[in-house]
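In what follows, a single structure is set out as structure tokens and then discussed.
It should be emphasised that the depicted structure is a prediction, and the values quoted were computed from it without experimental measurement.
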Amino acid sequence: MQVHRDLDQLPEFRNAIITIGTFDGVHAGHRFIIEQLQQAAKECHGETVIITFDPHPREVLQPQSNTLRLLTTLPEKIALLEKEGIDHLVVVPFTKAFSEMSAISYLEDFLIQRFRPHTIIIGYDHRFGHNREGGLELLEAEQQQYGFQLIEIPKQVVHDLTVSSTKIRNSLNEGAVQLANELLGYTYFLTGTVCHGDKMGRQLGYPTANLQLADSRKLIPAEGIYAVRASINGQAPLPAVMSIGNRPTFNGTDLRLEVHIFDFNEDIYDQQVTVSFVDYIRPNRKFEKIEELVAQMDLDSAKAREILG
């Protein structure tokens, strides 16, 4: 898959079959659209082209809101789309000026001039241009003049896509990672750099890797204890148990992402670790005695090992 970030350096696409969207999560619903792209491309010996935006349009249009949480960061989205066999991913720098482009200018100067699409695959309710003034009706009106085919993604499919994204986010926010994984079609994951903590886990007999996420917009699942698999620098994943929370027993205030990798004792500071969430074990709780906490950690580890096989 070729990734293009400069709109002035796009290649001449061969019978471009294009679709446009954020594709956050690249979940099972998105793969329905990807299959449509690939089928249409196969029929005309064309190339599949996904157009996405960075930063997320909501960050530009609603800068005062800090609630956006991504299922996938841009590098993660790129990696997932590459696995799906897409030919081209065009990452459009989303700016205020771009958002103020008129709908007809968006169609003529952006879609037609830069992509010369053979086919546009678009949701029945997709809106574009300043004040969202353009949509399917404009594309239909200009279709003959510019000679592209139009495939509408029907209402039910778009509804299912929206529901899927919402369900995935809600599931992760509730700790229901198994349901999220089912809707995603893969195991939800976080990637972070191992940073120094206060070494408390080591003192308790459970050394942990403290993760610092590269992108603060990444959605972190609900606080609690999880059975996970941890991959260090892209190597084979290792069984582990993870704590997300502020360590109530020690009256902590900041959110920590701490991973204890079983039967592992190497120095991995400053290394990149990807944690894949397999199952939720329990919520966080405050223990009156350190011995009670350690006993519970023993039980959590045993449970995680059982889940992970």
Side-chain angles (χ1 to χ4, degrees), residues 1-7 9-54 56-57 70-94 98 103 106-108 110-129 134-140 142-144 146-165 168 183-186:
M1 181 178 78
Q2 294 182 46
V3 180
H4 311 278
R5 298 170 187 262
D6 186 345
L7 291 178
Q9 297 293 324
L10 294 178
E12 286 192 23
F13 301 109
R14 184 185 72 253
N15 291 342
I17 312 297
I18 72 171
T19 194
I20 308 147
T22 57
F23 280 80
D24 186 28
V26 193
H27 58 63
H30 291 134
R31 286 194 282 281
F32 171 85
I33 297 174
I34 290 170
E35 286 169 10
Q36 292 231 12
L37 274 183
Q38 291 170 331
Q39 182 59 38
K42 187 177 178 182
E43 289 171 4
C44 69
H45 303 289
E47 295 182 292
T48 52
V49 182
I50 287 180
I51 302 169
T52 194
F53 305 99
D54 186 65
H56 192 289
L70 301 173
L71 296 173
T72 43
T73 63
L74 181 59
E76 291 168 355
K77 187 194 302 186
I78 290 170
L80 287 166
L81 287 171
E82 188 158 25
K83 285 182 183 176
E84 295 300 322
I86 295 298
D87 296 317
H88 299 274
L89 177 66
V90 179
V91 183
V92 177
F94 195 87
F98 184 84
Y106 178 95
L107 172 60
E108 294 177 346
F110 177 61
L111 290 183
I112 301 300
Q113 185 178 321
R114 295 189 184 277
F115 298 90
R116 307 199 181 281
H118 175 283
T119 301
I120 299 175
I121 298 180
I122 203 161
Y124 81 101
D125 63 345
H126 183 82
R127 310 301 300 176
F128 56 85
L136 198 65
E137 67 284 348
L138 176 61
L139 293 176
E140 287 172 338
E142 302 294 333
Q143 184 179 355
Q144 192 168 357
Y146 292 110
F148 59 84
Q149 295 181 25
L150 196 57
I151 297 177
E152 177 187 352
I153 303 166
K155 183 175 183 177
Q156 185 57 46
V157 173
V158 172
H159 173 73
D160 289 346
L161 282 169
T162 305
V163 168
S164 291
S165 294
I168 292 165
L183 293 166
L184 285 166
Y186 59 87

Inset, instruction - Measure up the Phe13 and Phe115 rings against each other and bin them: parallel (under 30°), tilted (30 to 60°), perpendicular (over 60°). - result: parallel

Inset, instruction - Go through Glu108 and Gln113 one step at a time and tell me if the side chain to side chain contact (heavy atoms under 4.5 Å, CB included) criterion holds. - result: CA-CA 6 Å; Glu108 294 177 346; Gln113 185 178 321; over 6 Å; no

Legend entry - Donor-acceptor under 3.5 Å (Gln38 side chain, Glu84 main chain): yes

Legend entry - Expected output: side-chain Thr52 to main-chain Gly21 donor-acceptor under 3.5 Å: yes

Inset, instruction - Please lay out, stage by stage, how Phe53 and Ile20 fare under the test side chain to side chain contact (heavy atoms under 4.5 Å, CB included). - result: CA-CA 9 Å; Phe53 305 99; Ile20 308 147; 3.7 Å; yes

Inset, instruction - Determine whether more than 12 heavy atoms belonging to other residues, nucleotides or ligands lie under 6.0 Å from atom CZ of Arg114. - result: yes

Inset, instruction - Using modelled atom types only, decide if a donor and an acceptor are shared between the side chain of Thr19 and the backbone of Ile121 within a distance under 3.5 Å. - result: yes

Inset, instruction - Please check if atom CD in Glu137 has more than 12 non-hydrogen atoms from other residues, nucleotides or ligands closer than 6.0 Å. - result: yes

Inset, instruction - Using modelled atom types only, decide if a donor and an acceptor are shared between the side chain of Arg14 and the backbone of His45 within a distance under 3.5 Å. - result: yes

Inset, instruction - Output yes when a side-chain donor or acceptor of Asp87 lies under 3.5 Å from a complementary backbone atom of Glu47, and no otherwise. - result: no

Inset, instruction - Taking atom types as modelled, find out whether Glu43 and Gln39 have a side-chain donor-acceptor pair closer than 3.5 angstrom. - result: yes

Inset, instruction - On the 0 to 90° scale, with breaks at 30° and 60°, tag the Tyr146-Phe148 ring pair as parallel, tilted or perpendicular. - result: parallel

Inset, instruction - Going by the side chain to side chain contact (heavy atoms under 4.5 Å, CB included) test, name the single residue among Thr119, Ile86, Val90 that passes it with Val49. - result: Val90

Inset, instruction - Please report the C-alpha distance between Leu89 and Met1 in whole Å, then the side-chain angles of each, then the deciding distance to 0.1 Å, and finally whether the side chain to side chain contact (heavy atoms under 4.5 Å, CB included) criterion is met. - result: CA-CA 7 Å; Leu89 177 66; Met1 181 178 78; 4.0 Å; yes

Inset, instruction - Answer yes or no: is there a donor N or O on one side and an acceptor on the other, between the side chain of Asp24 and the main chain of Leu70, under 3.5 Å? - result: no

